Colleague: 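Quick one: the structure is below, questions incoming.
Computed over heavy atoms, backbone and side chain alike; hydrogens, waters and symmetry mates excluded. Bear in mind the structure is a predicted one, so any value in this text is a computation, not a measurement.
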Amino acid sequence: MEEKGTVSTGGMRAGFAIIQWWVLNVSVIIANKWIFQKLDFKFPLTVSCVHFICSSIGSYIVIRFLKVKPLIDVSPEDTWRKIFPMSLVFCINIVLGNVSLRYIPVSFMQTIKSFTPATTVILQWMVWKKTFDWTIWASLVPIVGGIVLTSLTEISFDAMGFSAAMLGCLATSTKTILAESLLHGYKFDSINTVYHMAPLATMILVGPALLIEGSGVAIWFMAQESASGCLLVILLSGILAFYLNFSIFYVIHSTTAVTFNVAGNMKVAVAVMVSWAIFQNPISAMNAVGCAVTLAGCTFYGYIRHKLTLQGSSDLLPFVVKEKQDKDLN
């Protein structure tokens, strides 16, 4: 009886972790899209900068004051040699995600983001000369096919948004691969990752944001009847973005790799449906099929990857662990 109770409690904890992860993820996406579309705040660099500032403050409070996780110390030399390059890619990834949200619907952006496993494998194969089992390559076929079908049938297709989303996939993959090679010996969790990278990303982005968008932001605020209300929405999106990163830590430690993968793909479907209900962007039948094929391919890829890991594939093991930790830190 005690064992059944333990299993039940564990299942409830995992279910709660997944649900709050979904809610936070969808909330961040909807809030950002609302800022760009409803508030007509067309400044993705500024929005990204707000997210980094909120994440820097939030992670500092969680680690230094609440002590939810012990701080992983990094030497000053490693901060600039290892953390800074990852922070740069992290910054580029967030900015590209917000740029894509400005130009294309959430449904299309989320589907393209599902292309990340393919870009990661291809980058490791081309640049790092890693070899993969043929089943990994086979699992990428439906992902690529679904992305192509979705792109060709997207009614609200925009070249700028599409390019930003695709480059965002490359940035996410690059960050994951860099983490594997640069952070060897550092067992970073999602909170420590944000703690070390968000302040550096803020430092990288604040100058370009002020230079490129500063005057536009000032003009936009002066044109608003209720600037304080708009500012509150933008700040809320940054706070939600931090809590999303914090929720990843909870999900990782409450679920198995397979459950995490399936839940991640279902989360995309939830985000697509909620965004469609709010913004009413047109989705054709073939576009929906393309999205479904992509998500099915991602689930199949996750299953194959997990199966090979259990068999002891040395090439996949460190990548699987790091990809699991980096999920949605973008």
Colleague: Surrounding CZ of F16 (heavy atoms of other residues, nucleotides or ligands, distance under 6.0 Å), is the total greater than 12?
Modeller: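 Check fails, neighbour count at 12 or below.
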Colleague: Could you see if I143 belongs to whatever hydrophobic cluster contains L295? Use Ile, Leu, Val, Met, Phe, Trp, Tyr and a side-chain cutoff under 4.5 Å.
Modeller: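 Different clusters.
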Colleague: Is the closest side-chain heavy-atom distance between I63 and N192 below 4.5 Å?
Modeller: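 I63 reaches N192 side chain to side chain.
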Colleague: Taking all atoms of both residues into account, what is the closest heavy-atom pair of A209 and T46, and its distance?
Modeller: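 Here A209 and T46 meet closest at CB-N, 4.4 Å.
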Colleague: For the atom pair OH (Y103) and CG (N98), what is the distance rounded to the nearest 0.5 Å?
Modeller: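 Y103 OH to N98 CG: 12.5 Å, rounded to 0.5 Å.
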Colleague: With F41, which residues qualify under ring pair (Phe, Tyr, Trp, His ring centres under 6.0 Å), at least two apart?
Modeller: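 So F41 forms a ring pair (Phe, Tyr, Trp, His ring centres under 6.0 Å) with F43, W220.
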Colleague: Should I283 and I155 be marked as a side-chain contact (heavy atoms from CB on, under 4.5 Å) after you check the CA-CA gap, both sets of side-chain angles, and the distance that decides it?
Modeller: CA-CA 7 Å; I283 301 177; I155 298 173; over 6 Å; no
Colleague: I'd like to know if the side chain of S275 pairs up with that of N281 as donor and acceptor (distance under 3.5 Å, no hydrogens or angles considered).
Modeller: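 No - no donor-acceptor pair under 3.5 Å links their side chains.
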Colleague: Identify whether L88 and L96 are in the same connected component of the hydrophobic contact network (ILVMFWY, side-chain heavy atoms under 4.5 Å).
Modeller: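 Yes, L88 and L96 fall within the same hydrophobic cluster.
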Colleague: Any side-chain heavy atom of Y195 sitting closer than 4.5 Å to one from K69?
Modeller: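 Side chain of Y195 against side chain of K69, heavy atoms only: no contact under 4.5 Å found.
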Colleague: Around atom CZ of F279, are there more than 12 heavy atoms from other residues, nucleotides or ligands closer than 6.0 Å?
Modeller: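 Correct, the count exceeds 12.
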Colleague: How about S100 and I112: do any of their side-chain heavy atoms sit closer than 4.5 Å?
Modeller: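 Sidechains of I112 and S100: no contact.
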Colleague: Any idea which heavy atoms bring S156 and I104 closest together, and the distance?
Modeller: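 Looking at all heavy atoms of both residues, the shortest contact is O-CG2, 4.3 Å.
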Colleague: Nearest 0.5 Å please: distance from the CG atom of N25 over to the CG atom of L244.
Modeller: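 So the gap between those two atoms works out to 5.0 Å.
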Colleague: At what distance, to the nearest 0.5 angstrom, does CD1 of I147 lie from CG of L152?
Modeller: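 Result: 11.0 Å between the selected atoms.
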Colleague: Around atom CE of M160, are there more than 12 heavy atoms of other residues, nucleotides or ligands at under 6.0 Å?
Modeller: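 Open.
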Colleague: Compute whether any side-chain donor of one residue and acceptor of the other, for T172 and N93, lie under 3.5 angstrom apart.
Modeller: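 Yes, because at least one side-chain N or O of T172 sits under 3.5 Å from a partner of the opposite role on N93.
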Colleague: Rounded to the nearest 0.5 Å, how far does CE of M86 lie from OG1 of T193?
Modeller: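 The OG1 atom of T193 sits 6.5 Å away from the CE atom of M86.
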Colleague: What are the two closest non-hydrogen atoms of I234 and V50, and how far apart are they?
Modeller: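 In terms of heavy atoms, the two residues are closest at O-CG1, 3.8 Å.
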Colleague: Counting neighbours of CH2 on W34 that are heavy atoms of other residues, nucleotides or ligands and sit closer than 6.0 Å, is the number greater than 12?
Modeller: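 Counting other residues, nucleotides and ligands, CH2 of W34 stays at 12 neighbours or fewer.
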Colleague: When the ring planes of F157 and F108 are compared, do they come out parallel, tilted or perpendicular, using 30° and 60° as the limits?
Modeller: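 Rings of F157 and F108: tilted, as their planes differ by 30° to 60°.
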Colleague: Among all residues two or more places apart in sequence or in another chain, which pass the side-chain hydrogen bond (donor to acceptor under 3.5 Å, both in side chains) test with Q110?
Modeller: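 Applying side-chain hydrogen bond (donor to acceptor under 3.5 Å, both in side chains) to Q110 gives none.
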Colleague: Which value, rounded to the nearest 0.5 Å, describes the distance between L170 atom CG and F115 atom CZ?
Modeller: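 With rounding to 0.5 Å, CG (L170) is 8.0 Å from CZ (F115).
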Colleague: Compare every heavy atom of A171 with every heavy atom of V89, then report the nearest pair and how far apart it is.
Modeller: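 V89 and A171 have their closest heavy atoms at CG1-O, 3.1 Å.
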Colleague: I30, V23: one ILVMFWY side-chain cluster at the under-4.5 Å cut-off?
Modeller: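 I30 does not cluster with V23.
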Colleague: May I ask you to test the L101-V106 pair for a side-chain heavy-atom distance under 4.5 Å?
Modeller: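 With C-beta onward as the side chain, the pair touches.
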Colleague: Got a sec: does the CH2 of W137 have more than 12 other heavy atoms crowding it under 6.0 Å?
Modeller: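 Enclosed.
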Colleague: Can you confirm if the aromatic rings of F52 and F90 lie within a centre distance of less than 6.0 Å?
Modeller: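 Here the rings of F52 and F90 have centres that are less than 6.0 Å from each other.
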Colleague: Establish, from distance only, whether the side-chain atoms of T79 and H196 form a donor-acceptor pair under 3.5 Å.
Modeller: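 Not at all, the side chains of T79 and H196 share no donor-acceptor pair under 3.5 Å.
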Colleague: S59 and F242: which non-hydrogen atoms are nearest, and at how many Å?
Modeller: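 Minimum heavy-atom separation between S59 and F242: N-CE1, 3.2 Å.
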Colleague: Tell me, with the steps shown, if T174 and L123 meet side-chain contact (heavy atoms from CB on, under 4.5 Å).
Modeller: CA-CA 8 Å; T174 302; L123 274 177; 3.7 Å; yes
Colleague: Would you say that V270 contacts K267 through its side chain, given a criterion of any heavy-atom pair below 4.5 Å between the two side chains?
Modeller: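 Contact flag for V270/K267 side chains = no.
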Colleague: Testing the basics here: between N32 and S237, what is the closest heavy-atom pair and its distance to 0.1 Å?
Modeller: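 Looking at all heavy atoms of both residues, the shortest contact is OD1-CB, 3.5 Å.
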Colleague: Give a yes or no answer on whether the side chain of K42 reaches the backbone of F36 with a donor-acceptor pair at less than 3.5 Å.
Modeller: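 Between the backbone of F36 and the side chain of K42 there is a qualifying donor-acceptor contact (under 3.5 Å).
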Colleague: Side-chain contact test, heavy atoms from C-beta onward, threshold under 4.5 Å: evaluate it for S48 versus C91 and give yes or no.
Modeller: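 With C-beta onward as the side chain, the pair stays apart.
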Colleague: Under a 4.5 Å side-chain heavy-atom rule over Ile, Leu, Val, Met, Phe, Trp and Tyr, are W276 and M109 clustered together?
Modeller: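 No, no single cluster joins them.
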Colleague: Do P142 and T294 have side chains that get closer than 4.5 Å, going by heavy atoms?
Modeller: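 Answer no - side chains too far apart.
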Colleague: Linking I/L/V/M/F/W/Y whenever any side-chain heavy atoms sit under 4.5 Å apart, do V233 and L235 land together?
Modeller: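 V233 clusters together with L235.
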Colleague: Evaluate salt bridge (charged side-chain N to carboxylate O under 4.0 Å, His left out) for K38 paired with D40, printing each intermediate quantity in order.
Modeller: CA-CA 5 Å; K38 299 296 184 180; D40 199 35; over 6 Å; no
Colleague: Can you list everything that forms a side-chain contact (heavy atoms from CB on, under 4.5 Å) with S56? Sequence neighbours excluded, please.
Modeller: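 S56 satisfies side-chain contact (heavy atoms from CB on, under 4.5 Å) with A198, P199, T202 once adjacent residues are dropped.
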Colleague: From T120 OG1 over to F132 CZ, what is the distance, rounded to the nearest 0.5 angstrom?
Modeller: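 Reported value, rounded in 0.5 Å steps: 8.5 Å.
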Colleague: Report the C-alpha distance between D78 and I83 in whole Å, list the side-chain angles of each, state the deciding distance to 0.1 Å, and finish with yes or no for side-chain contact (heavy atoms from CB on, under 4.5 Å).
Modeller: CA-CA 7 Å; D78 280 350; I83 305 297; 5.6 Å; no
Colleague: Test your reading of the model: is there a side-chain donor-acceptor pair from E213 to the backbone of L45, 3.5 Å cut-off?
Modeller: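 Answer holds: yes.
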